[in-house]
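Worksheet: the structure to be examined is printed underneath.
All ligand and atom numbering here is 1-based and tracks the order in the structure.
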Amino acid sequence: MVALLYTLLSFIRDEIEEKEKEEYYQLMHKFNRLNFRTNNGSTLLHLAVVPNTFPNEYYIERNCKFPSLSAVQVLIECGGIDVNALDFNRNTPLHLLAIHSCGVLNDETLTTIKLIVKKLNEGGCHWDCINSAGKTAIECTSSGFIQKFIANQMTLNLKCIAAKIVKKSKINYYQSLSKTLCDFTELH
Ligand SMILES: [Zn+2]
């Protein structure tokens, strides 16, 4: 899975022609739709935002540093990836990004994290997803800088507010809502 991410993303910096780029994007779209998972439930997008996705080849190491804005960008632009996918701890990619932003001191990485947050936002990520510890992404970081940045980007829509109220009320919504709406409510 990690090897797959490296191999696919090693194309990012290559000078490729428009036609090849189109084929590459189509291929990535297919991979995204296959929804590959690691043994802890991470998707390619989860892997792209965590620093412990270590490269194992010189060429890739030179081109792909994680968290990787380019990787996130390509994965989202190709389509077919769920930006709110949950790993086995019910962490979204945004949760993992927040968790790993604790203690980051260098400006370059902080800028990358900010740009990835923006990209995830453009891709339709939910700021208010709750992981298995009952925490939103913003509650998963001790970095005041990242907390403030995420808070500034946050917009809650009516659907999210309604889902939170239903979830909090502890009513048995599984009997009256569709599977899609139940899954959506579960996120909150
Ligand atoms: Zn939401």
Side-chain angles (χ1 to χ4, degrees), residues 5 28-29 31-38 40-51 53 66-69 71-102 104 110-188:
L5 183 69
M28 282 298 293
H29 180 84
F31 274 116
N32 284 345
R33 288 192 60 109
L34 287 170
N35 193 21
F36 286 123
R37 301 287 180 135
T38 62
N40 65 357
S42 288
T43 62
L44 288 172
L45 199 53
H46 285 94
L47 292 177
V49 301
V50 294
T53 303
F66 294 95
S68 163
L69 174 65
V72 171
Q73 209 159 320
V74 169
L75 287 167
I76 292 177
E77 280 173 10
C78 292
I81 198 127
D82 179 5
V83 291
N84 298 304
L86 305 174
D87 67 14
F88 294 160
N89 291 316
R90 297 188 64 79
N91 284 315
T92 62
L94 185 66
H95 278 100
L96 292 190
L97 191 63
I99 290 166
H100 290 284
S101 70
C102 303
V104 171
L110 282 176
T111 305
T112 303
I113 292 174
K114 275 170 65 176
L115 293 172
I116 292 177
V117 168
K118 276 187 155 182
K119 227 347 116 195
L120 292 172
N121 190 26
E122 286 164 21
C125 94
H126 278 270
W127 305 96
D128 49 351
C129 288
I130 303 287
N131 66 9
S132 54
K135 290 183 175 174
T136 60
I138 211 166
E139 293 166 331
C140 287
T141 176
S142 54
S143 161
F145 177 82
I146 296 298
Q147 281 175 343
K148 215 167 167 183
F149 185 75
I150 296 179
N152 283 337
Q153 298 283 313
M154 269 170 71
T155 47
L156 286 186
N157 61 37
L158 209 56
K159 260 170 81 177
C160 296
I161 296 168
K164 271 186 169 310
I165 294 171
V166 171
K167 184 91 187 284
K168 244 187 175 164
S169 71
K170 299 203 183 326
I171 52 174
N172 187 3
Y173 52 86
Y174 275 91
Q175 286 176 349
S176 35
L177 299 180
S178 66
K179 161 106 176 53
T180 316
L181 278 178
C182 285
D183 289 346
F184 182 82
T185 306
E186 266 309 304
L187 282 178
H188 300 82

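- Looking only at N/O/S atoms, Asp128 comes nearest to the Zn ion (ligand 1) through OD1.
- When only modelled atom types and interatomic distance are considered, Ser143 and Ser101 share no side-chain donor-acceptor pair under 3.5 Å.
- Closest N/O/S atom of His126 to the Zn ion (ligand 1): ND1.
- A donor-acceptor pair is defined here as one N or O able to donate and one able to accept, closer than 3.5 Å; no such pair exists between the side chain of Thr92 and the backbone of Asn84.
- Counting backbone and side-chain atoms alike, His188 contributes an N/O/S atom closer than 2.8 Å to the Zn ion (ligand 1).
- Side-chain contact, Asn91 with Asn131: a donor N or O sits under 3.5 Å from an acceptor N or O.
- Ring orientation note: the planes of Phe31 and Phe36 are tilted relative to one another, at an angle of 30° to 60°.
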